[in-house]
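Here's the structure we're looking at; comments come further down.
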Number of protein chains: 2
Amino acid sequence: MLAHMHPTIKDIAERAGVGLGTVSRVLNDNPRVSETTREKVMGAVRDLNYVPSLAARGLSLGKTQSIAVIAPFFTRSVFVERLHGIEETTSANGYDVVIYNVDATEKRDRYFRTVPDPRRVDGVIVISLPPSTPDVAHFQRSSVPIVFVDVGSPLCEPFDRIVINDVEGGRMATQHLIDLGHRRIGYLGDIPQAGFNFTAGEDRFEGYRRALAGAGIAVHPEYHLDGRFGREVARTLARRMLGLAERPTAIFASNDTQALGVLEAARDLGLDVPGDLSVVGYDDIEMADFLGLTTVRQLLFESGRRSVEALLRRLGEPEGVPICDSLPVELIVRRTTAPPR
Amino acid sequence: MLAHMHPTIKDIAERAGVGLGTVSRVLNDNPRVSETTREKVMGAVRDLNYVPSLAARGLSLGKTQSIAVIAPFFTRSVFVERLHGIEETTSANGYDVVIYNVDATEKRDRYFRTVPDPRRVDGVIVISLPPSTPDVAHFQRSSVPIVFVDVGSPLCEPFDRIVINDVEGGRMATQHLIDLGHRRIGYLGDIPQAGFNFTAGEDRFEGYRRALAGAGIAVHPEYHLDGRFGREVARTLARRMLGLAERPTAIFASNDTQALGVLEAARDLGLDVPGDLSVVGYDDIEMADFLGLTTVRQLLFESGRRSVEALLRRLGEPEGVPICDSLPVELIVRRTTAPPR
DNA sequence: CTACCTCATGGAAACGCTTCCACAACATGC
DNA sequence: GCATGTTGTGGAAGCGTTTCCATGAGGTAG
């Protein structure tokens with residue numbers, strides 16, 4: 001017995017003594033089927049353990065029941081959390097998630113060109129990767145709905161997007177330090193990784209700049225350093241900044257990982273945190289809680305969830321003005337910030 | 001102009017002035033095509049910007065060019081790292097990765113039943129989730145190759161698998177403490193999350209047990225506590241263990257996250273690490289390095305890479321004895337272990 | 001009793017690909 | 001000169017769905 005073979009609607013039709021169309025109608029809840037035949041068919045479906053072929057349905061319908069996620073460095077907690085929200089919402093709605101990890105600009109370009117294909121996926125979520133003008137033109141030609149998460153670029157305005165108010169987050173972090181009485185406040189950012197043009201860093205810096213301006217504090221160029229993402233680089237840079245004759249009494253790092261580097265640098269130099277140095281991070285990754293790091297929390301999981309919802313909405317309603325969903329940020333004050341001595 | 005429509009091989013055939021079969025042959029590098037027609041076809045492919053339909057090819061060939069990963073709690077760093085290795089290797093070989101995150105046993109059961117379907121994916125990688133006997137029967141009936149990663153269960157022997165020598169890892173960690181002169185060594189494990197039957201914890205405990213036995217140290221029941229995965233629970237349990245009249249001078253936690261909880265407990269109780277208490281973790285997640293946590297490193301990324309390689313091998317060679325690839329573990333000594341006072 | 005709807009149903013066509021079979025054109029061996 | 005390859009090619013069949021169209025059965029109204 002070919003018990004392991006997969007039955008097709010033809011097998012079901014034969015066993016139930018009905019036609020192919022009828023089986024398909026039953027499976028798709030078409031009301032134009034009598035109750036008795038419906039039951040006969042459902043019986044055969046159970047008997048033969050029928051499972052429809054997604055590929056065949058996809059071919060016939062032009063739908064794949066799967067959505068693609070294009071994200072950079074998906075091992076970083078920030079992306080993992082977003083992906084988590086995406087996965088949960090997607091699976092709850094009967095879609096599959098296909099992940100495309102971008103660890104080099106060539107991969108991004110390749111995925112941007114090949115993934116948004118209606119025969120491949122029903123929708124695409126792009127995280128933190130701003131497209132170029134040709135990319136946008138290509139996306140618009142494609143009939144696949146695209147949602148951008150955490151991409152501030154104005155080029156994305158024709159598409160649905162979930163944005164984070166990073167300017168506000170940067171402002172809040174900096175204002176917190178100002179409110180504590182700090183005047184010499186350093187900023188440690190990550191360098192827009194060659195060609196990636198992440199915008200979050202710049203926005204957070206803009207918030208920092210505005211907060212200082214609002215308090216009438218001049219931006220001291222030596223208090224602003226950027227480096228490649230990662231703890232080690234941040235540690236080195238922070239050490240340099242803390243070695244200045246008139247060193248800052250507080251440092252705002254544009255993400256928690258770099259904030260850890262700052263903490264290490266402080267430890268290296270024998271500086272007490274928060275006594276000699278206040279430190280604020282950004283993202284509120286798990287480690288931040290463990291270390292008592294003051295930071296700015298963003299709704300990562302939620303951003304993933306909403307991106308899927310936006311996609312599903314767009315699938316039902318292809319036309320219509322693009323929505324822009326802005327997520328709030330929140331300052332989480334812990335033990336690495338205090339008034340300066 | 002329907003410039004945005006996707007051309008089919010029929011369009012290519014017409015434009016190149018050849019038949020459908022010829023186009024297909026060119027696209028599949030069939031040698032039975034003359035050089036001149038091959039060039040004509042390739043020209044048409046470029047002109048029309050042809051991209052083949054995966055669904056159609058899949059339907060015709062019974063292949064999908066995608067592999068599934070079924071993993072529990074994929075936000076935990078351990079799984080993220082493994083997934084990273086999987087994604088990288090998979091994309092390098094022209095396959096797509098579809099992720100199925102298991103956060104409840106029902107989801108695991110559902111995925112186990114529905115995902116290993118040759119019409120859905122070409123292969124399946126299961127991480128840390130031991131199957132039941134009926135599951136195994138179902139997997140064997142299915143024609144989809146399956147690779148298990150980090151599943152010690154003997155039920156998996158009919159399948160390819162990548163295993164981690166967790167017994168040895170547990171032994172190494174414990175032996176390290178014994179070598180330092182500790183005799184009162186606690187063990188903090190994670191509870192086999194209701195129904196999941198993760199085996200790693202038990203194996204690590206077994207290693208702990210053997211190391212003690214080898215040194216002629218009796219296992220003290222009060223020095224062994226298990227709790228749900230997570231820092232907070234571990235913190236509570238560790239506090240309990242450290243509150244004993246004769247408290248342990250060292251604790252081996254079965255994973256780094258729980259080791260963090262132990263560190264917190266020590267902090268709570270004003271115990272100096274490693275002066276009053278030595279702590280060893282397991283996994284070597286990023287935080288371990290930051291905190292100077294002594295731990296056991298396993299090759300997470302590598303385990304992902306190898307699982308894909310095993311799958312690809314199996315796709316080329318469906319029959320043949322299942323391979324069992326055992327990955328080494330390594331003790332990383334940092335600053336949380338020292339001889340007892 | 002006839003004309004006309006409605007409802008349930010069967011099956012062909014279409015989706016875009018691969019593969020197999022048939023055939024034509026030409027070369028080879030005796 | 002004829003059988004016998006060999007090579008390149010075209011196109012039909014098949015993969016498993018959905019959908020559209022045709023049909024027959026039964027119901028209702030005149």
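Below, chain A is the first sequence line, B the second, and so on; all start at residue 1.
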Would a 4.5 Å heavy-atom cut-off, applied to side chains only, mark B/Leu48 and B/Ile12 as touching?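 Yes - at least one pair of side-chain heavy atoms lies under 4.5 Å apart.
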
Could you give the [atom1]-to-[atom2] distance, from [X] to [N], as a whole number of Å?
X	N	atom1	atom2	answer
A/His6	D/dC15	NE2	P	15 Å
B/Arg32	C/dA24	CZ	P	17 Å
A/Asp11	D/dC15	CG	P	11 Å
A/Lys10	D/dT18	NZ	P	16 Å
B/Asp117	D/dG16	CG	C1'	12 Å
A/Leu54	D/dT18	CG	C1'	14 Å

Which residue, B/Arg25 or B/Pro52, contacts DNA chain C at a nucleotide closer to its 5' end, judged by nearest heavy atom?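 The residue whose closest nucleotide sits nearer the 5' end is B/Pro52.
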
For the base of D/dG14, is there a side-chain donor-acceptor partner from B/Ser60 under 3.5 Å away?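 Yes, a donor-acceptor pair under 3.5 Å.
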
Please determine, for the side chain of [X], which listed nucleotide ([options]) has the closest atom?
X	options	value
B/Arg57	C/dC15, D/dT17, C/dC17	C/dC17
B/Arg119	C/dG16, C/dT19, D/dT17	D/dT17
B/Asn28	D/dT18, C/dC7, C/dT18	C/dT18

How are the rings of A/Phe198 and A/Phe79 set relative to one another: parallel (under 30°), tilted (30 to 60°) or perpendicular (over 60°)?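 Tilted: the ring planes of A/Phe198 and A/Phe79 meet at 30° to 60°.
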
Geometric class of the B/Phe196/B/Phe73 ring pair [parallel <30°, tilted 30-60°, perpendicular >60°]: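 Because their plane-to-plane angle is over 60°, the rings of B/Phe73 and B/Phe196 count as perpendicular.
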
Any side-chain donor near an acceptor of the partner, B/Thr89 and B/Arg305, under 3.5 Å: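 Not at all, the side chains of B/Thr89 and B/Arg305 share no donor-acceptor pair under 3.5 Å.
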
Pairwise 5' ranking along DNA chain D for B/Gly17 and B/Leu59, keeping only the more 5' one: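 Going by which nucleotide is closer to the 5' end, it is B/Gly17.
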
Give [X] one of three labels, base, sugar-phosphate or nothing, depending on what nucleic acid heavy atoms sit under 4.0 Å from its own.
X	answer
B/Ser24	base
B/Thr8	sugar-phosphate
A/Ile9	base

